[in-house]
Amino acid sequence: MSRIFSGIQPSGELHVGNYLGAVKNWVSLQAQFESFFCIVNYHAITVPYEPDDLRRRTRDMAIGLLASGLDPKRCALFVQSQVPEHTELAWIFNTLTPLGELERQTQFKEKSGRQEQVMAGLLNYPVLQAADILLYRADLVPVGEDQVQHLELSRVVARNWNARFAPDAPFFPEPQPKLTPTRRIVGLDGQAKMSKSLGNTIGILESPEAIWDKLRPAVTDPARQRKSDPGDPDKCPVIYQLHRAFSPPETVSEVEANCRGAKWGCVDCKNALLAPLLAELAPVRERAASLEANPGQVDELLASGAEKARVVARETLHEVKVRMGLPEQR
Ligand code: SF4
């Protein structure tokens, strides 16, 4: 069975963009692949943060992932800092990664521009990302189209290490992207990808009232100034994409006909979205409430996920150290 690895930032509660763009896909992939899903809290500390807030966000993310359907019996769901082999392998890869490769990374250029003082961890972030993936010798990494280039450095690292320490038979596979079927989800402002830092999200655990308060003012086709103006769903970046994701096909057809034919106003259209959206999220909210009421259960699930991941992580690191002439503690 091929292996997949994917990581998610501990940004707190999952939003509809994470849910559709990644997590829903992970839930179906866990049945087809040997799956490792990691909450990447070491990545989160490369920018300023508060420890208590990070602890809370990590826990909330775990609850969101479990409530969305990640099943600890079918996958390894764990927190990065509970598997120390990630940072050990990252150090090893740092010694094989040219500085120029890191300085060229677009993520570094973007994020460093926003910081007063740039720490080395931000520059080395992609090396840790490579270690995350290669530690499990993952064949595939589920990503959106906009993240494909981030995988390239992991392939370069695998190639460099193999060339130096496993020239005859590559030890690390060069991980390939497995494209997520859902295109990137636009935020409620209609401008950019849904992202917590931009404040344009719908949280999957928000109450029905809070979700409606966010949907109601969401931007639509700007040509529709009044109900009698015909619209074009393809120019409606937020609501139409959510209908296609959550509504049954007959409702999507109705949206198209009633928007183009000016039979529905945008509030009618948003109302038609609310029911299927809430119906899909209701069981997720129920499971999350039950996990929140049992904090010990979440800790146990994460600890056993980390143990499952460590079985593979230790094996990989052992082989790496043997080949590199690095003695281990017995
Ligand atoms: Fe968007 Fe629906 Fe309004 Fe058409 S009717 S512009 S699809 S919200």
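In each ligand, atom 1 is the first atom listed, and ligand 1 is the first ligand listed.
Between Phe93 and Phe172, the ring-plane angle classifies as perpendicular under the 30° and 60° cut-offs. His86 and Tyr136 have tilted rings, their planes meeting at an angle from 30° to 60° on a 0 to 90° scale.
The tally of protein N/O/S atoms under 2.8 Å from atom 3 (Fe) of ligand 1 stands at 1.
No hydrogens or angles considered: nothing links the side chains of Gln30 and Asp71 as a donor-acceptor pair under 3.5 Å. Inspection of the Glu328 and His318 side chains reveals an N or O donor paired with an N or O acceptor under 3.5 Å.
Less than 4.0 angstrom separates some heavy atom of Val255 from each of these atoms of ligand 1: 7 (S).
Arg55 has no carboxylate O lying under 4.0 Å from a charged side-chain N of Glu50, or vice versa, which leaves the two without a salt bridge. Ion pairing between a basic and an acidic side chain is recognised when a charged N comes within 4.0 Å of a carboxylate O; Asp139 and Lys178 show no such pairing.
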